[in-house]
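In each ligand, atom 1 is the first atom listed, and ligand 1 is the first ligand listed. Computed from a predicted model, the values in this text were never measured in an experiment.
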Amino acid sequence: MSGDRNISKETLVQWDDDYVWHPFTPHSVYRDEKPLTVVAGEGHYLIDADGEKYLDAVGSIWCNLFGHRRDEIDDAVREQLDHIAHSTMLGNTNDRPVILAKRLLEHAPAAMDKVFYSDNGSTSVEIAMKMALQFWQQHDDGSQGQRTKFMGLANAYSGDTIGAVSVGGIDLFHSRFGPMLFETVRGPSPVTYHRPQQMSREEARRRFVDDFDRVIDAHGEELAAVVIEPGMQGAGGMITYPPGFLAHAAEKIRDAGSLLVVDEVAMGMGRSGEMFACQREGVDPDFLCVAKGLTGGYIPVAATLTTDRVYEAFLGPPEEGRTFFHGHTYTGNALGCAAALATLDIFENEDILDDVRRKEELLAARLEALWELDHVGDIRQYGLAAGIEVVADADERRSFDSAQRVGMQICTAAREKGVFLRPLGDVIVLMPPLTITDDEIDHLVGAIEFGIDAVLSG
Ligand SMILES: *Cc1c(COP(=O)(O)O)cnc(C)c1O
């Protein structure tokens with residue numbers, strides 16, 4: 001018996017408590033916060049072991065694009081099983097990742113020429129960083145390895161492996177690991193909601209850009225690369241940038257002779273209304289990292305896209321050691337690449353991006369209503385992604401004590417309206433499937449309003 005499907009919810013909960021350690025989860029409160037025990041999915045809904053259905057309003061942590069059990073992706077994976085599940089990309093190839101690379105580049109910024117696979121967002125960023133470092137050692141301009149530092153913004157998140165954590169800037173997640181991290185150049189935080197009481201938002205935005213420029217001016221010559229999440233900082237709390245920031249940053253980084261890594265792991269694959277968020281600002285990066293949505297939320301496949309300029313610095317007789325010595329066992333997994341190809345088919349066949357742009361406006365209009373609520377301090381949106389920050393005092397922009405877990409309480413309350421949400425601190429996160437319907441958007445915003453009211457009124 002491999003995986004009985006008739007086990008009671010009670011038993012599953014018991015075994016979950018007995019045997020499983022969950023990611024980003026404080027286990028002392030885990031059970032009290034009423035986690036779902038998912039046994040199935042259907043379209044935009046998760047189905048719990050007790051048969052209840054919940055709108056998957058965070059797209060199973062930002063990767064599910066078109067709902068669960070999409071026929072096209074299901075069929076592509078099933079069909080692939082009749083050929084092969086996986087074979088190595090180390091010194092060999094496989095038809096699925098080859099075709100996917102070509103198709104992916106058709107959707108990517110024009111500067112992107114090559115695709116290097118891995119299996120999650122963290123590795124896709126880690127790979128860009130290692131490639132950048134080695135690129136400068138092998139690049140023929142006399143600089144020979146002087147560019148060894150990386151720059152990341154305060155509040156940034158690029159994953160949980162050591163390079164990604166080093167360039168990341170969220171103290172709560174990252175500070176414990178200080179002794180094993182390498183030193184990075186820290187840029188400013190684009191957070192402009194939390195600012196001195198008398199300062200205007202415009203002024204805070206200007207300061208952010210000025211500070212960014214100053215750090216580049218001071219460190220530009222030692223920077224191997226700068227890593228930026230385009231459009232919005234995700235895990236840092238759904239933080240938007242001043243309009244036009246990415247285009248400005250790209251130019252500044254180019255002028256400093258360094259390389260730009262856009263971490264599109266969260267905002268890539270259509271979330272911005274373009275396939276990649278950097279395209280919304282007409283930016284051509286040196287590296288583009290894509291993961292979460294690449295397979296429609298089915299199978300872990302990630303990719304690091306880069307230019308011929310970078311690729312060519314790695315060419316030469318093998319004994320010169322210019323080879324990129326990095327690779328994972330499941331690099332270019334064929335089942336995952338089949339799912340990714342079906343995902344691109346859906347984008348192409350259904351005008352998904354047009355529809356995302358329309359729903360971006362619809363969501364913005366619906367979220368307007370939440371400004372009326374006493375404890376809503378800020379609402380930040382980019383494409384079909386949004387964060388609603390609840391605070392103890394909106395006039396003073398004063399946060400709740402984190403021990404109250406207000407964000408989590410609101411999400412748990414919204415569960416009563418059949419909506420699954422997961423917050424970032426006191427920021428309620430919306431990352432719905434790109435195919436969410438207009439009615440579901442209404443229901444989702446209503447459920448958040450209900451949750452805020454249930455937890456904070458009176
Ligand atoms: C989730 C995320 C990552 C890490 O991806 P994993 O697949 O979880 O390793 C990196 N960057 C951004 C912007 C992300 O949102």
From CA spacing to verdict: side chain to side chain donor-acceptor pair (under 3.5 Å), E33, T412: CA-CA 7 Å; E33 291 176 342; T412 304; over 6 Å; no
Using 30° and 60° as the class boundaries, would you call the ring planes of [X] and [Y] parallel, tilted or perpendicular?
{"X": "F182", "Y": "F150", "result": "tilted"}
{"X": "F245", "Y": "F212", "result": "perpendicular"}
{"X": "F116", "Y": "H326", "result": "perpendicular"}

Heavy-atom closest pair, residues G67 and P433: N-CB, 4.1 Å
Sequence-distant partners of F347, ring pair (Phe, Tyr, Trp, His ring centres under 6.0 Å), two or more places apart: F66
Every residue of the protein that comes under 4.0 Å of ligand 1, judged on heavy atoms: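 Within 4.0 Å of ligand 1, protein side: W62, N120, G121, S122, Y157, S158, G159, E229, D263, V265, A266, K292.
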